[in-house]
Each structure stands twice: as C-alpha cells, then as structure tokens.
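Worksheet: the structure to be examined is printed underneath.
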Amino acid sequence: MPELPEVETTRRGIEPHVDQQRVIDFVVRDARLRWPIPKEIHGLIVNQQVASVSRRGKYLLLRFALGDLMIHLGMSGSLRVLPIGTPAGKHDHVDLVFANDKLIRFTDPRRFGSVLWQPIGVEHKLLAKLGPEPLTDRFDADYLYNASRKRTLAIKQFIMTSEVVVGVGNIYANESLFRAGIDPRRPAGKVSKPRYERLVHEIKAVLDYAITRGGTTLRDFLSSDGKPGYFAQELSVYGRGSEPCTVCKKPLKEIRMGQRTTVFCTGCQK
DNA sequence: AGTCGCGCCTGGCGGC
DNA sequence: TGCCGCCAGGCGCGAC
C-alpha cells in the first residue's frame with residue numbers, strides 16, 4: 001500500500017523521464033477506478049508538455065498548460081516507465097504516452113486509485129481540505145497540539161486524518177506512535193505538548209528514512225514490479241502482532257481501530 | 001462540528 | 001485440486 005514515501009519515490013522515479021516531455025497519447029483501458037476517469041482528460045493533455053511533476057499528500061501532480069493531472073495510487077496502484085509498445089496486462093488501466101518513446105503505465109489490481117483533473121486556478125475538491133505536508137516546517141508540535149485540543153478521537157486516527165496532516169497512513173502511524181511511546185488509543189486532546197514534540201519528530205524521521213531507503217530501490221522500481229519496498233524487516237511493530245517488543249520484550253498487542261490493524265506495545269506506549 | 005462505520009475491489013490465503 | 005469465505009486497506013461519504 002503506497003504511503004507518502006512510496007508516492008514520493010514514484011515521483012522521483014518518473015520525473016526525469018517525463019518532465020518537459022510532450023504527451024502524444026492518453027490510453028484508458030478501464031476507466032472504472034475509485035472514481036471514473038474523466039473523459040475530457042485526453043483532449044486536455046495530448047500534444048501538451050509536462051511542465052512539472054510534484055506531489056501533494058499522496059497525489060502525484062503532472063502540470064500541463066491547462067491544469068494538473070492528478071494520480072492517486074490507492075493501495076495497490078503503481079506507475080512504471082516503459083518503452084512504447086510494451087504489451088499491457090490485465091490490471092494495466094492507463095498509459096500516458098510520450099514523444100520520447102516512453103510511456104507511464106498505471107497498474108492497479110484493486111482499482112482504489114484514481115486519475116483526475118484539476119483545471120488551472122480551480123483547486124480540486126479532493127485537495128482543497130488537505131492539511132500540511134508532514135515534512136515541512138508548517139507541521140510542528142504547536143500546530144498539532146493546537147489542532148488536537150478538545151478532540152476526543154484516538155491519537156492514531158487523529159494523525160491519519162488528511163485534514164490534520166497528509167500522508168500518514170496505517171503503517172507509519174503505527175511506527176511513529178511506537179517510536180514516540182504513545183498509546184494509539186489515547187484521545188488526541190489528552191496528549192501533552194512535549195509528547196506532540198516527540199511524535200512530530202518521529203513522524204518526520206520515519207517518513208524521511210523511508211524516502212531515503214525508497215531512493216535506493218529506484219532502479220528496481222523502474223525496471224521490474226514497480227513497487228518500492230516497504231522495508232518490512234525494518235518496521236518495529238507493523239505486521240508483528242504477538243511478537244516480542246524489540247525494546248522491552250513484552251508481546252506486541254494487535255487490535256482493530258476504525259477498521260485498521262493497530263499494533264503497539266503496552267509496556268512502552270502510554 | 002465531530003465522530004463513527006460502511007463500502008468500494010481483488011489477490012492471496014486458510015480451511016475443508 | 002478446487003471452491004468458499006475472509007482479510008487487507010485509503011479514504012470519501014452518509015448517518016448520528
């Protein structure tokens with residue numbers, strides 16, 4: 001499941017191949033994604049040049065003269081750079097074909113991803129309410145502490161809310177709360193300022209590290225399966241329910257919070 | 001307004 | 001072997 005580090009790794013992976021390149025075709029084999037792919041996209045990007053490749057939260061944004069092509073990878077989506085003419089498989093739903101004989105192929109078995117359009121000057125509804133980027137200075141303890149006052153929902157669900165901060169999915173929410181020593185069930189409004197200082201630091205650290213590691217797999221990402229690694233062997237709690245805590249050796253506890261698997265240590269997280 | 005839970009979709013897995 | 005049922009999850013949305 002692509003989280004922010006995987007999306008940023010993907011952005012860095014495709015950027016050198018498509019930046020300033022001209023689109024010669026936009027092929028939609030299956031428009032049924034999370035939302036239907038708008039039909040007008042073809043006419044808006046063919047024969048237009050990519051002006052930049054950026055990211056907002058987990059959305060990749062390819063800027064054209066008339067607007068931004070928005071790509072969300074959902075949980076099983078990926079992009080690959082391939083030579084023109086590469087045969088498409090069952091789940092290869094969209095190709096963005098370029099004049100430099102390369103294509104960007106969007107593959108998504110579960111079709112939770114999306115390909116949308118944001119006209120210049122009109123913020124897309126799905127981007128309008130997004131919170132700050134976690135790796136910028138705007139995301140700090142003061143911000144998170146103030147935003148959490150009087151909030152009763154659990155801290156884990158709070159940091160996974162995209163209006164609060166973008167890009168913190170289930171894996172990194174579990175990991176950062178473990179590293180910060182905070183019980184994921186604690187109401188967001190009852191977490192102290194010093195503990196938010198620690199949490200903000202750990203969220204940034206864990207995302208930063210994952211992006212750094214993602215960068216090292218760029219070669220694989222471009223050639224083979226298109227999936228940046230998750231470095232599962234380096235995760236402290238996610239996927240390790242009932243295994244001993246790496247710090248105190250108590251068995252890790254696994255519960256469901258808001259339909260999401262949550263793993264934490266009752267000894268280390270208070 | 002804030003919180004909660006549903007459902008989209010399909011590959012992979014365990015059980016029989 | 002083959003079939004069935006269940007699970008994973010990002011995230012918008014409807015309901016309270």
Side-chain angles (χ1 to χ4, degrees), chain A residues 1-11 28-38 55-61 70-79 88-94 106-118 123-134 144-177 184-191 203 207 210 225-230 232 235 237-242 254-263:
Chain A
M1 45 248 90
E3 296 213 23
L4 188 145
E6 287 76 24
V7 178
E8 177 60 22
T9 298
T10 300
R11 190 196 70 74
V28 177
R29 295 186 199 79
D30 191 344
R32 299 170 304 157
L33 300 181
R34 176 73 160 88
W35 288 279
I37 300 175
R55 178 185 58 74
R56 178 72 178 103
K58 294 180 188 173
Y59 286 91
L60 286 166
L61 302 175
M70 303 163 52
I71 301 173
H72 196 292
L73 301 177
M75 53 168 292
S76 60
S78 62
L79 297 181
K90 184 178 174 186
H91 305 297
D92 295 337
H93 307 309
V94 179
F106 176 82
T107 304
D108 187 3
R110 294 183 193 175
R111 292 195 274 117
F112 277 18
S114 51
V115 177
L116 298 167
W117 181 256
Q118 169 174 260
E123 192 167 38
H124 194 284
K125 181 185 169 189
L126 298 177
L127 301 183
K129 291 195 293 178
L130 294 181
E133 290 288 329
L144 208 52
Y145 177 79
N146 292 333
S148 66
R149 292 309 87 187
K150 304 202 174 153
R151 300 293 296 266
T152 58
L153 85 170
I155 180 72
K156 178 171 181 249
Q157 283 148 312
F158 178 67
I159 60 172
M160 289 178 69
T161 302
S162 60
E163 292 106 77
V164 172
V165 58
V166 295
V168 181
N170 196 40
I171 295 175
Y172 296 114
N174 279 302
E175 291 299 307
S176 56
L177 286 164
R185 301 166 296 184
R186 178 175 287 273
K190 295 198 168 164
V191 174
I203 289 172
L207 291 176
D225 65 358
K227 293 173 193 136
Y230 293 160
L235 299 173
V237 289
Y238 186 81
R240 296 187 185 277
S242 78
E254 181 164 318
I255 61 172
R256 300 283 290 178
M257 291 180 66
Q259 286 82 250
R260 293 293 169 268
T261 302
T262 303
V263 190

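In what follows, chains carry the letters A, B, and so on, assigned in the order in which the sequence lines appear, proteins first and then strands, with residues in each chain numbered from 1. In this text the structure is predicted, and so the values were computed from the model without any measurement.
- Pairing each heavy atom of A:Glu133 with each of A:Leu4, the nearest pair is OE1-CD1, 4.0 Å.
- Not counting sequence neighbours, the partners of A:His72 by the ring-ring contact (aromatic ring centres under 6.0 Å, His included) test are A:Tyr59.
- Of all the residues in residues 148-157 of chain A, A:Arg151, A:Thr152, A:Leu153 reach under 4.0 Å from DNA chain B with at least one non-hydrogen atom.
- To the nearest angstrom, C1' of C:dG12 lies 9 Å from NZ of A:Lys129.
- Remark: P of C:dC7 and CZ of A:Arg260 are 14 Å apart, rounded to the nearest angstrom.
- Looking only at distances, a side-chain donor or acceptor of A:Arg240 sits under 3.5 Å from a matching main-chain atom of A:Leu235.
- In summary, the side chains of A:Arg256 and A:Thr261 do present a donor paired with an acceptor at a separation below 3.5 Å, with no hydrogens or angles considered.
- Just one of A:Leu61, A:Leu79, A:Leu60 meets the side-chain contact (heavy atoms from CB on, under 4.5 Å) condition when paired with A:Arg11; it is A:Leu60.
- Note that NZ of A:Lys190 is 13.5 Å distant from CD1 of A:Ile155, once rounded to the nearest 0.5 Å.
- Nearest heavy atoms, A:Met160 versus A:Ala173: CG-CB, 3.7 Å.
- On the nucleic acid side, DNA chain B has its first and last nucleotide under 4.0 Å of a heavy atom of chain A at B:dG2 to B:dG11, going 5' to 3'.
- Between the NZ atom of A:Lys58 and the P atom of C:dG10 there is a distance of 5 Å, rounded to whole Å.
- Distance, A:Asn170 CG to C:dG10 P: 6 Å, rounded to whole Å.
- A:Arg256 comes within 4.0 angstrom of the backbone, heavy atoms only, and of no base.
- Between A:Arg111 and A:Arg32 the shortest heavy-atom distance is NH1-O, 2.8 Å.
- In this structure, A:Ile255 atom CD1 and C:dA8 atom P are separated by 13 Å, rounded to whole Å.
- In summary, of the residues considered (A:Thr262, A:Ile159, A:Val237), a side-chain contact (heavy atoms from CB on, under 4.5 Å) with A:Leu177 occurs for A:Ile159 alone.
- If you take CH2 of A:Trp35 and P of C:dC11, they are 9 Å apart, rounded to a whole angstrom.
- If you find the closest nucleotide of DNA chain B to A:His91 and to A:Gln259, the one lying nearer the 5' end belongs to A:Gln259.
- Atom P of nucleotide C:dC11 and atom CG of A:Asp108 are separated by 12 Å, given to the nearest angstrom.
- A straight line from CZ of A:Arg34 to P of C:dG12 spans 7 Å, rounded to a whole angstrom.
- No engagement by A:Phe158 is indicated, since no non-hydrogen atom pair under 4.0 Å with the nucleic acid exists.
- Annotation: of the two residues near DNA chain C, A:Arg110 and A:Leu126, the 5′-most nearest-nucleotide partner is A:Arg110.
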